[in-house]
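First up is the structure itself, then whatever we jot down about it.
None of the values given here were measured: they were computed from a predicted structure. Naming convention: chains lettered A, B, ... in sequence-line order (proteins, then strands); numbering from 1 in each chain.
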Amino acid sequence: MKYDPKQIEPKWQKKWEEAGVFAAQDKSDKPKFYGLVEFPYPSGAGMHVGHIKAYAGLEVISRKRRMQGYNVLFPIGFDAYGLPTENYAIKTGIHPREVTDRNIRKFTEQLQRVGFSFDWSRVIDTTQESYYKWTQYIFLKLFEHGLVFRDTALVNYCPSCKVVLSNEDSQGGHCDICKSEIIQKSKDVWYLRITAYADKLLQGLDEVDYLPNVRLQQENWIGKSTGAFVNFRIQDSEEQLRIYTTRPDTLFGVTFMVIAPEHPLLEKLRDRIRNMEEVKAYQEACQKKTEFERTQLAKEKTGVCLQGITAVNPVSGEGIPVFIADYVMMGYGTGAIMAVPAHDERDYAFARKFGLRILPVIEGGDIRIAAYTGDGRMIHSGFLDGITNKKDAIARMLAYLEEKGIGEAGVQYKMKDWAFNRQRYWGEPIPIVHCAHCGIVPVPYEELPLRLPDVKEFSPGEGGESPLAKIPEFVHCKCPRCGRDARRETDTMPQWAGSSWYFLRYVDPHNDTCFADADKLKYWLPVDWYNGGMEHVTRHMIYSRFWHRFLYDIGEVPTREPYAKRTAQGLILGPDGEKMSKSKGNVVDPNEVVDVYGADVLRTYILFMGDYASAAPWSETGVKGCKRFLERFADLYELTTDEPSSPEVESALHKTIRKVDADIEEMKFNTAIAAMMSLINTVSEEKHISREDYMVFIRLLCPFAPHLCEELYSRMGGEGLCAQAAWPEYDEAKTVDATIEVAVQINGKLRATVILDKDASREAALAAAKAEPRIQAMLEGKTVVKEIVVPGKIVNLVLR
RNA sequence: GCGGGCAUGGCGGAAUGGCAGACGCGCCGGUCUUAGGAACCGGUGGGAAACCGUGCAGGUUCGAGUCCUGUUGCCCGCACCA
């Protein structure tokens, strides 16, 4: 058969659509499978082949599940709020709505050309009122349950985007979107109290099947540590200095304290601090430092001693100096530390620089050279002296602190509350009203959606205000509580909002009385398998797990965890081996590949190019190889007759079914395809395959190259559609060969091979091995001291 | 600095502790052709051979790419986290 993708692909895509074969059934006796891929942000650049790889994995699995008799939900949608579209609008004056609709059309066309088996009746767009109404609803629920709060804080501010960023969006001191340097700015910020869910998010990881590195990254992100809070007295003062430490066992070794430059104690003690000028100068210098300077260039410790302030070591009673230094951060713990220079590298460096006392309290190491962070016997530590076990020492100290009321055990998390507002137009309006009399008042549920008003001017206001602040009709409103004049919140939600619950909406996307029907949620949840990029493992996944867990706690969803299983695909690199990017000009457009080679070749190549989870460079010649593969597969059509296949072909077919089936489940698509290539080689050598067996092969390849397989299936006279045909099953008996080649080793080195009956005895194997001329020659004049026989694999003779 | 991962032909990559290099690309040779940067067929780790070969050095084992110890290089995540 001549393989002409241009002719067959549109034809079958149309037939699938007409037959509605990919529409998930809300009621069904079949077992359910919910496969989820991360929905794309519809950028103006269109999709690149990386998107295709991200979806192709679960595409194959979903198609296989349908053939296996599952009721499959495999949906797609668009995460369409976001900065690039808004920036494009600012530049061109074209409304983000228009740009978004255009981009969504382009993405949809691209996805359909590849023949993905998405349920197109459930497409969602986070920027539609019917969708963001429920994003706002969930926000109000969070508000109602005290998980939304407002605070004035130093925030990460991007001077280029003119927007406040979460810590997640400004890692390394650079804006996640435009890469410019972040500055600290004091602002009113809406927070979601995700830290209240830190423990639940951590414990939930025990209930799910995530890739080990995905789980680890989430654990690190949450960053739980256990330790103690200890209150240090300030001499001649009512003030106390509260610190957090993971090493309360070293308390006797505390010889000074350090607080963050922004620590509130400085204000309280300003009259007592004799060198306030110097302190102020230091504070200002710190503020000017970028996050980068403060963290990356952290080799040299700096700080200022607070003259006139003395703290008291609560266990030794010793008076100790207090410093401010920027190696202590206000954002973690209490913004103050007890310094144990003998056993902490940072404290040691600081003590060395400022000539402070270094008192060892754990034996081992040499404090003249470096801090000792290992374990050992407690010394110079009063009631702890002689204890050799760190755990015991910590327990004793905690008991003492609690007894004396100077401290207690505590935990800390690296995860911070989620800064939830952006000074942007293209996002969900935050449904809050500021009333001079009532304070912060939520918009009533029945007024949702709070519509995003139409504007002509998209650039942010001066000082980074949201464009919404420039629309009087939007800003001015009546307080829902007292009816007096009030102002609307003009900030919008961050891009992460819409994607935090989209998997729930797919279950019931057209419902306008609730975000999804409870029975449907109960049927479909949890997502059985979620695949996406590693870059979304911490932020998007943590956020969405948080929202989901919250909804579970208030009884709105039936499962604690949203995703039962999570995998991640590797990047597709450019042909040059570099990460694909517009600036490098190495981006491969899937449309061009489909134009030249067809969708089936694109799909097959993307899954064949390497391990699905690893990065691999694009290769144009590799694509051609897959084209040849599909052509050769189509050519087998000429080799079919009603005669049964040869035993070689039959055995190869059943082995291949077994391998492809197992490999798909482990996302080892590359070896599954390789096995099918080998099967073609076997059939070509035998020059024949039965019609029946060829039909089996067609169904086996169908999830990878569905258009070609539909065409062949129909030409072979198959009933209905191949996409709905049964998944092939293998016959174990037919995977066993009558004879096996067994390797013969002498002293562990391969010397010969022998052909044996499939269930040859140990004796028969040994006899055959020893009869082999080459082996016979090597046995000459030697003693066999050991004979190892692994049935069907190997015979090893140990000689002396 | 801490945590995790990886290292195999010219390239992408295969190998439940049991014949290293499956499968594909590339390359070489051939067939067909006015032509081949098309298609098809054959070959292809190194070495003349004995043999040698999975970053490097050890170890465990009858047997190690695979397990253990150390080491080097690269990649990813976190990063003055107290």
Side-chain angles (χ1 to χ4, degrees), chain A residues 171-172 212-221 223-225 227-228 243-247 250 257-258 260 294-302 325-329 331-340 343-347 349-350 412-416 534-535 537-538 570-571 573 577 604-605 608-611 613-626 628-629 631-632 635 659 668 670-681 684 741-754 784-799:
Chain A
Q171 286 173 63
N213 54 336
V214 170
R215 181 189 175 133
L216 191 72
Q217 277 196 32
Q218 294 202 4
E219 282 172 351
N220 289 343
W221 190 261
K224 182 175 183 170
S225 83
I243 60 95
Y244 174 74
T245 179
T246 54
R247 296 296 303 271
T250 61
M257 301 187 77
V258 186
R294 205 169 150 172
T295 56
Q296 306 292 315
L297 311 172
K299 284 147 211 147
E300 190 73 2
K301 293 277 181 287
T302 61
D326 64 0
Y327 84 91
V328 173
M329 309 289 156
Y332 184 78
T334 61
I337 62 158
M338 61 178 219
V340 187
H343 305 292
D344 180 282
E345 283 165 24
R346 294 152 302 173
D347 298 345
F350 194 85
Q412 275 295 302
Y413 300 93
K414 287 184 199 172
M415 189 168 70
K416 303 203 172 57
M534 280 308 289
E535 69 276 20
V537 154
T538 41
L571 290 176
L573 306 172
T604 308
Y605 173 65
F608 180 66
M609 56 195 300
D611 176 20
S614 309
W618 185 264
S619 156
E620 186 75 22
T621 53
V623 179
K624 285 182 187 162
C626 285
R628 280 197 277 268
F629 161 56
E631 280 167 350
R632 293 184 67 207
D635 288 342
K659 179 152 183 66
K668 289 161 75 173
N670 55 336
T671 50
I673 292 167
M676 290 188 281
M677 288 172 168
S678 290
L679 181 56
I680 290 178
N681 293 342
S684 299
E741 198 183 28
V742 170
V744 183
Q745 297 183 335
I746 299 290
N747 295 335
K749 285 199 198 309
L750 178 74
R751 296 304 180 197
T753 57
V754 290
V784 179
V785 293
K786 199 165 182 182
E787 294 169 336
I788 291 128
V789 180
V790 181
K793 298 259 177 175
I794 208 158
V795 173
N796 189 13
L797 303 173
V798 185
L799 305 186

Contact nearer the 5' end of RNA chain B, comparing A:G610 with A:S684: A:G610
Qualifying residues under ring pair (Phe, Tyr, Trp, His ring centres under 6.0 Å), relative to A:F350, sequence neighbours excluded: A:F256, A:F323, A:Y327, A:F354
Touch class at under 4.0 angstrom, heavy-atom based, for A:A339 against every strand present: nothing
Whichever of A:Y413 and A:S614 has its nearest RNA chain B nucleotide further upstream toward 5': A:S614
Nearest-angstrom distance from the residue atom CE of A:M329 to C1' of B:rC78: 14 Å
Donor-acceptor pair between A:S225 and A:Y413 side chains, under 3.5 angstrom: no
Pairwise P distance for B:rG21 and B:rU16, with rounding to whole Å: 13 Å
Side chains of A:I788 and A:V798 in contact at under 4.5 Å (non-hydrogen atoms): yes
B:rA50 versus B:rG5 - spacing of their C1' atoms, nearest Å: 40 Å
Span that lies between the C1' atom of B:rC67 and that of B:rG17, in whole angstrom: 8 Å
Base B:rC78 to side chain A:K414, donor-acceptor N/O within 3.5 Å cut-off: no
By ring pair (Phe, Tyr, Trp, His ring centres under 6.0 Å) - contacts of A:Y605 (at least two apart): A:W618
Atom-pair distance (CE on A:M338; P on B:rC80), nearest Å: 20 Å
B:rG9 glycosidic torsion: syn (within 90° of 0) vs anti: syn
Dot-bracket pairing map - RNA chain B, Watson-Crick plus G-U, both contacts under 3.5 Å, | cross-strand: (((((((..(((.....[....)))((((((.......))))))((....))..(((((..]....))))))))))))....
Dump the pairs, protein N or O against N or O of nucleotides 47-53 of chain B, anything under 3.5 Å, distances to one decimal.
none

Between B:rG77 and B:rC11 - C1' atom distance, rounded Å: 29 Å
P atoms of B:rC76 and B:rG29, separation to the nearest Å: 41 Å
Distance in angstrom units between A:N747 CG and B:rA64 P, rounded: 11 Å
B:rG37 versus B:rC25 - spacing of their C1' atoms, nearest Å: 15 Å
Spacing of A:L573 atom CG relative to B:rG12 atom C1', expressed in whole Å: 11 Å
Distance below 4.0 Å between A:Y332 side-chain N/O and B:rA82 OP1 or OP2: yes
Under the salt bridge (charged side-chain N to carboxylate O under 4.0 Å, His left out) test, residues paired with A:E219 that sit two or more places apart: A:R215
Residues in ring pair (Phe, Tyr, Trp, His ring centres under 6.0 Å) contact with A:F629, at least two apart in sequence or another chain: none
Salt bridge (charged side-chain N to carboxylate O under 4.0 Å, His left out) involving A:R751 - partner list, sequence neighbours excluded: none
Listed partners of A:N681 passing side chain to side chain donor-acceptor pair (under 3.5 Å), at least two apart: A:R632
Euclidean distance for P, B:rG18 against B:rG65 (whole angstrom): 10 Å
Contact letters for nucleotides 15-32 of chain B, in which S counts primed atoms plus P, OP1 and OP2 and B counts the base, heavy atoms under 4.0 Å: SB-BB--BBSSS------
Residues which pass side chain to side chain donor-acceptor pair (under 3.5 Å) with A:D344, listed by chain and number, not counting sequence neighbours: A:R346
Set of salt bridge (charged side-chain N to carboxylate O under 4.0 Å, His left out) partners for A:K659, sequence neighbours left out: A:D663
Heavy-atom donor-acceptor pair, A:Q412 side chain to A:G333 backbone, under 3.5 Å: yes
Interatomic distance at P, B:rC52 relative to B:rG58, whole Å: 16 Å
Residues in salt bridge (charged side-chain N to carboxylate O under 4.0 Å, His left out) contact with A:E535, at least two apart in sequence or another chain: none
